[in-house]
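Down below is the structure, laid out as structure tokens.
Per chain, numbering begins at 1; letters A, B, ... match sequence-line order.
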Number of protein chains: 2
Amino acid sequence: MLADLGIIFFFVFKEFIATMATIYEVSKLAGVSLATVSRVMNDNARVSDKTKQKVVDAMTTLGYRPNATARSLASNRSDSVGILVSELHGPFFGQMMAGIESELRAAGKHVIITTGHSEEEKEKDGIEFLIGRNCDAIIAHVEAVSDEYLLELNKGKVPVYLMSRHVDGMEDKCISLDNEVGGYLATKALIDRGHKDIAYIAGPQFKADASNRLLGHKRALIEHNIEFNESLFYIGDFKETGGNDGLRHFIKQKIPFSAVVCANDEMASGAMKYAREHGYHLPDDLSIIGFDNVIFTNYLYPTLTTVDNPVNEMGHMAAKLVLTDVYKKKKLKIERVFEPTLIERNSIARLS
Amino acid sequence: MLADLGIIFFFVFKEFIATMATIYEVSKLAGVSLATVSRVMNDNARVSDKTKQKVVDAMTTLGYRPNATARSLASNRSDSVGILVSELHGPFFGQMMAGIESELRAAGKHVIITTGHSEEEKEKDGIEFLIGRNCDAIIAHVEAVSDEYLLELNKGKVPVYLMSRHVDGMEDKCISLDNEVGGYLATKALIDRGHKDIAYIAGPQFKADASNRLLGHKRALIEHNIEFNESLFYIGDFKETGGNDGLRHFIKQKIPFSAVVCANDEMASGAMKYAREHGYHLPDDLSIIGFDNVIFTNYLYPTLTTVDNPVNEMGHMAAKLVLTDVYKKKKLKIERVFEPTLIERNSIARLS
DNA sequence: AATTATTTTGTAAGCGCTTTCAAAAATAGA
DNA sequence: TCTATTTTTGAAAGCGCTTACAAAATAATT
């Protein structure tokens with residue numbers, strides 16, 4: 001008798017380790033049909049308490065774990081949403097992913113993350129990978145792919161939501177920041193503090209946020225009768241090097257300027273570093289403002305005045321949108337366009 | 001005739017948009033069997049050039065895209081590897097994920113990322129999610145789960161690789177940093193510059209890297225006949241607040257100290273900030289050293305001397321390990337234990 | 001107790017692909 | 001030309017689940 005038990009236990013254990021138990025074994029052990037086991041797994045259909053208990057018991061003794069692939073194939077849903085970001089590193093995407101993930105996980109959904117590297121082919125690849133993976137929805141931060149492609153995609157059966165991007169014709173699927181206002185805010189902050197000779201280090205102009213920030217910058221200049229000076233304009237790469245290179249470029253021009261607005265914080269920190277290394281005392285000799293309010297701005301010296309981009313919140317919001325639209329959760333408050341705000345710190349000097 | 005073509009085109013287009021074409025439609029259009037279509041998809045078995053061409057043509061006209069879920073279910077592999085990290089944000093995990101992803105993507109594999117939040121239940125959840133997803137391998141950075149659990153897991157059919165962790169009995173599956181040496185290096189750097197009263201802000205001691213760094217610290221002290229002082233020891237949370245709180249704690253003790261080693265850079269930056277806010281001039285009044293060499297250390301003021309943790313490289317290496325073991329790629333040079341190095345910057349003052 | 005309505009269960013047909021095995025076709029050997 | 005090999009193809013049985021649909025069991029109604 002004891003020996004028998006031993007054998008049974010060994011068998012069960014073996015099963016657990018080697019070949020994961022399937023629904024079939026559960027149904028056999030519980031003495032019910034496959035359908036019934038499936039029902040208790042999904043607890044949507046009514047199963048009597050008695051049989052449900054039998055099934056649950058069988059599951060635990062077998063250490064049963066549903067095969068997500070099979071479920072997904074059979075049911076055509078996967079309880080997971082795909083995320084496409086440009087990069088896995090960097091504070092911006094980190095915050096975004098974290099926001100999305102925590103909201104979804106709280107709702108029992110999983111995320112599948114992949115990258116697009118801001119290249120058209122890779123972005124398409126990534127999207128198609130996620131579609132092939134049977135994601136219930138996709139939240140994408142795509143930069144290289146065209147609006148037309150996205151509109152076409154939007155006709156497909158898997159809903160695609162866009163982060164930090166606005167596409168006409170799919171407004172209800174877009175979570176975006178009003179970058180134009182942000183750009184305006186940054187430049188206005190400088191102007192309000194007496195600056196007139198303002199340089200601008202932009203981001204790659206094919207990226208909508210970059211070009212919109214520039215638009216806001218120009219509007220602020222126009223409103224204050226300051227002429228836009230091509231010599232004080234540089235297009236960077238949204239990385240530290242861009243800040244470096246931009247500032248070097250401006251200095252070479254031999255045109256005086258008292259401030260530089262950088263289209264993101266990475267470039268601002270690059271510019272700050274370059275300035276400091278070249279004898280500038282910040283912010284007295286040069287005022288710098290960034291954009292995004294990425295975590296490290298608070299640790300720069302001087303601390304960086306910047307424009308807040310609530311990317312974590314936006315991540316949460318994108319997830320809520322998916323929960324509402326796709327998973328039919330009720331009562332989530334949705335907000336699609338976020339307003340940037342100025343974060344005042346110590347990198348701007350007041351002139352005169 | 002033209003009308004017919006129109007109808008056909010419409011049909012094809014419709015198919016593409018509404019229901020993704022399946023292997024069945026491809027086989028029909030190409031006039032071959034399902035098996036043959038499958039063969040050209042996987043181009044492993046021999047198919048004559050002529051039929052292969054027919055199949056490829058059919059695929060492109062239909063815009064066929066294989067269903068990864070179905071493939072995975074039928075073949076029991078998925079060409080994707082699961083990654084489990086503690087958090088999606090933060091420079092440490094960002095670099096790690098990026099390293100793994102770029103290496104794998106170059107080899108045509110995809111990653112599925114999920115999080116464990118350093119909590120035992122969530123880590124197990126994450127692992128099981130990845131197993132359920134049919135990952136060909138898992139690369140995990142787990143902190144809360146026990147060695148025993150991992151050893152048990154290691155008997156299962158999906159291979160699990162560990163980042164920044166060493167577990168006896170699965171050495172060949174671990175990529176780790178020699179944290180003890182790193183801890184030693186940090187403290188020794190301080191001692192070499194004349195410091196004797198050295199405070200230590202540790203990380204959560206259940207995390208192996210944290211406790212090993214502390215071990216190295218103690219070894220450096222012993223080797224130089226400096227007594228370990230409990231009053232100058234604080235266990236932080238590996239976040240900025242830990243640095244803050246730790247330094248506040250030390251100051252309250254009213255025991256003199258000239259330097260503090262922080263078990264990671266986040267805490268170091270917290271400590272620096274707290275010190276500056278409380279009138280310390282850095283590094284003259286207080287020397288600080290960090291650990292990890294996270295991206296922003298270079299932007300702190302003063303720039304932070306720290307110990308490099310080549311986490312991006314380690315990510316690459318973990319991926320190479322998987323490529324070698326699981327996907328049978330040849331000729332990849334594998335290195336399992338990484339040596340930390342000292343990165344000298346400006347946060348340490350030389351005493352006397 | 002007989003009939004009807006309701007709830008609980010089981011049967012079986014897929015989901016879109018892979019893969020074994022055997023048959024058919026092409027090629028080589030004699 | 002005929003047989004023996006080798007290469008190319010197809011038929012069909014899954015992979016582990018879900019989900020109509022129908023049958024069986026139970027409860028409600030008369």
Residues in salt bridge (charged side-chain N to carboxylate O under 4.0 Å, His left out) with A:K54, at least two apart?
none

Divergence of helical axes at both termini of the helix from C:dA1-D:dT30 to C:dA30-D:dT1 - five pairs an end, 10° steps
40°

Nearest whole angstrom, please: distance from the P of C:dG16 to the CG of B:N134.
18 Å

Can you give one letter per nucleotide of nucleotides 24-29 of chain C, going 5' to 3': B for a protein heavy atom under 4.0 Å from the base, S for sugar-phosphate only, - for none?
------

Listed pairs, N/O of protein and of nucleotides 17-22 of chain C, under 3.5 Å:
| residue | atom | partner | partner atom | Å |
| --- | --- | --- | --- | --- |
| C:dC17 | OP1 | B:Y64 | OH | 2.6 |
| C:dC17 | OP1 | B:N67 | N | 3.0 |
| C:dC17 | OP2 | B:I23 | N | 2.4 |
| C:dT18 | OP1 | B:N42 | OD1 | 3.3 |
| C:dT18 | OP1 | B:N42 | ND2 | 3.0 |
| C:dT18 | OP1 | B:R71 | NE | 2.9 |
| C:dT18 | OP1 | B:R71 | NH2 | 3.4 |
| C:dT18 | OP2 | B:S38 | OG | 2.5 |

Which residues share a side-chain contact (heavy atoms from CB on, under 4.5 Å) with B:D57, sequence neighbours left out:
B:Q53

Could I get the full list of ring pair (Phe, Tyr, Trp, His ring centres under 6.0 Å) partners for A:H89, not counting sequence neighbours?
none

Report each atom pair, protein N/O against N/O of nucleotides 5-8 of chain D, whose distance is under 3.5 angstrom.
| residue | atom | partner | partner atom | Å |
| --- | --- | --- | --- | --- |
| D:dT8 | OP2 | B:R46 | NE | 3.3 |

side-chain contact (heavy atoms from CB on, under 4.5 Å) partners of B:A144, counting only residues at least two apart
B:E120, B:E123

Hey, are B:D172 and B:R336 close enough for a salt bridge, meaning a charged N less than 4.0 Å from a carboxylate O?
no

Tell me, please, which residues at least two apart from B:Y161 pass ring pair (Phe, Tyr, Trp, His ring centres under 6.0 Å).
none

Measure from NZ on A:K52 to P on C:dT7 and round the result to the nearest Å.
15 Å

How would you list, by chain and number, every residue that makes a side chain to side chain donor-acceptor pair (under 3.5 Å) with B:K109, sequence neighbours excluded?
B:D79

Tell me every residue that passes salt bridge (charged side-chain N to carboxylate O under 4.0 Å, His left out) with B:E171, counting only those two or more places apart in sequence or in another chain.
none

Show me the pairs that pass ring-ring contact (aromatic ring centres under 6.0 Å, His included) and involve residues 95-146 of chain A, at least two apart or across chains.
A:F92-A:H141, A:F93-A:H141, A:H110-B:F129, A:F129-B:H110

